[in-house]
Every structure is written in structure tokens, then in C-alpha cells.
Amino acid sequence: MPRPAGPPTVRLRRLATELKNLRAEAQLTREQVQEQSGVNQGTLWRIEKGQAKPHTGTLETLFDLYDVPQPRRAELLEMIRGARQPGWLRQFKDVIPQDYAA
């Protein structure tokens, strides 16, 4: 799974939080997710930390396991599509002091 170039976008961080919350609501550990879905614990950890952009197939597998309804799935899939685009603030990275870069 490719790592994002530079820090994760706001959308990717939001998706990561949403997926972690969905797993918690389903009352599943990372170990249980791996056992039931085949998604590696390390991969899941990177996704939930916003360090990796999940593939659509991985998301669909997690959605099935977490019993996510269709309208919510569409919203989260749209979020990942947007996460592939750099945020508007990145164009100003040369003028923003390093202390504020994150």
C-alpha cells in the first residue's frame, strides 16, 4: 500500500478516524479484523493512523465487516477520492513557517 507523499491530508486523517470509530463501534480488535477479513493488522494500523491510503477493495471489506450502511459507504468512498488530492494549503508550503507545516 503506497504511503502518502508528505503528511496526510485532512481528508485522509478524517477517514482514518472514521474507520477507527467504526471498528470500535463494531467492538472489534485489529486482531479480530485480521482473522475475520484477512486485512493485515499492520495495514489496518497504518490506515487508521492516516499513514496509508486504503484501496477501495480493502474499504469494502471493512465496510462489510463493520456493517456500514450504503449511504455511509458512499460518503466514506468519496472522502478517500478527495484524500488523493493535496489540500489547498499545500500550495503555500514555501511561505508557511515550518512550525505550522503540520
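In what follows, every heavy atom counts, from backbone to side chain, and hydrogens, waters and symmetry copies are set aside.
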Q.
Do Leu62 and Pro54 make a side-chain contact, defined as non-hydrogen atoms from C-beta onward lying under 4.5 Å apart?
A. no
Q | Heavy-atom closest contact (Leu12 atom, Gly50 atom, distance) | A | CD2-O, 3.4 Å
**Q.** Sub-4.5 Å side-chain heavy-atom contact between Arg13 and Lys49
**A.** no
(Q) Measuring from atom CG of Leu59 to atom CD1 of Ile47, what distance do you get when rounded to the nearest 0.5 angstrom? (A) 6.5 Å
Q) Roughly how far apart are Gln32 CD and Gln41 CD, rounded to 0.5 Å? A) 10.0 Å
**Q.** Test item: Leu65 and Val39 side chains (from C-beta on) under 4.5 Å apart, heavy atoms
**A.** no
Q. Any chance CD of Gln27 has more than 12 other-residue heavy atoms, nucleotides or ligands included, within less than 6.0 Å?
A. no
Q: Starting at CG of Leu19, measure out to CZ of Arg14 and round the result to the nearest 0.5 Å.
A: 11.0 Å
(Q) Return the CG to CD distance between Asn40 and Gln34, rounded to the nearest 0.5 Å. (A) 5.0 Å
Q. Taking all non-hydrogen atoms of both residues, which atom of Leu28 and which atom of Arg23 are closest, and how far apart?
A. O-NH1, 2.9 Å
Q: List the steps and the verdict of side-chain contact (heavy atoms from CB on, under 4.5 Å) for Arg73 and Asp64.
A: CA-CA 10 Å; Arg73 290 177 185 222; Asp64 288 344; 2.8 Å; yes
**Q.** Residue pair Leu22, Leu76: steps toward the side-chain contact (heavy atoms from CB on, under 4.5 Å) verdict
**A.** CA-CA 11 Å; Leu22 287 168; Leu76 293 169; 3.7 Å; yes
Q) To the nearest 0.5 Å, what is the distance between OG1 (Thr29) and CD (Gln36)? A) 8.5 Å
Q: Starting from the C-alpha separation in whole Å, work towards a yes-or-no answer on side-chain contact (heavy atoms from CB on, under 4.5 Å) for Glu60 and Leu77.
A: CA-CA 9 Å; Glu60 291 290 348; Leu77 287 171; 3.4 Å; yes
Q | Atom pair CD/CH2 of Gln51 and Trp45 - distance to nearest 0.5 Å | A | 4.0 Å
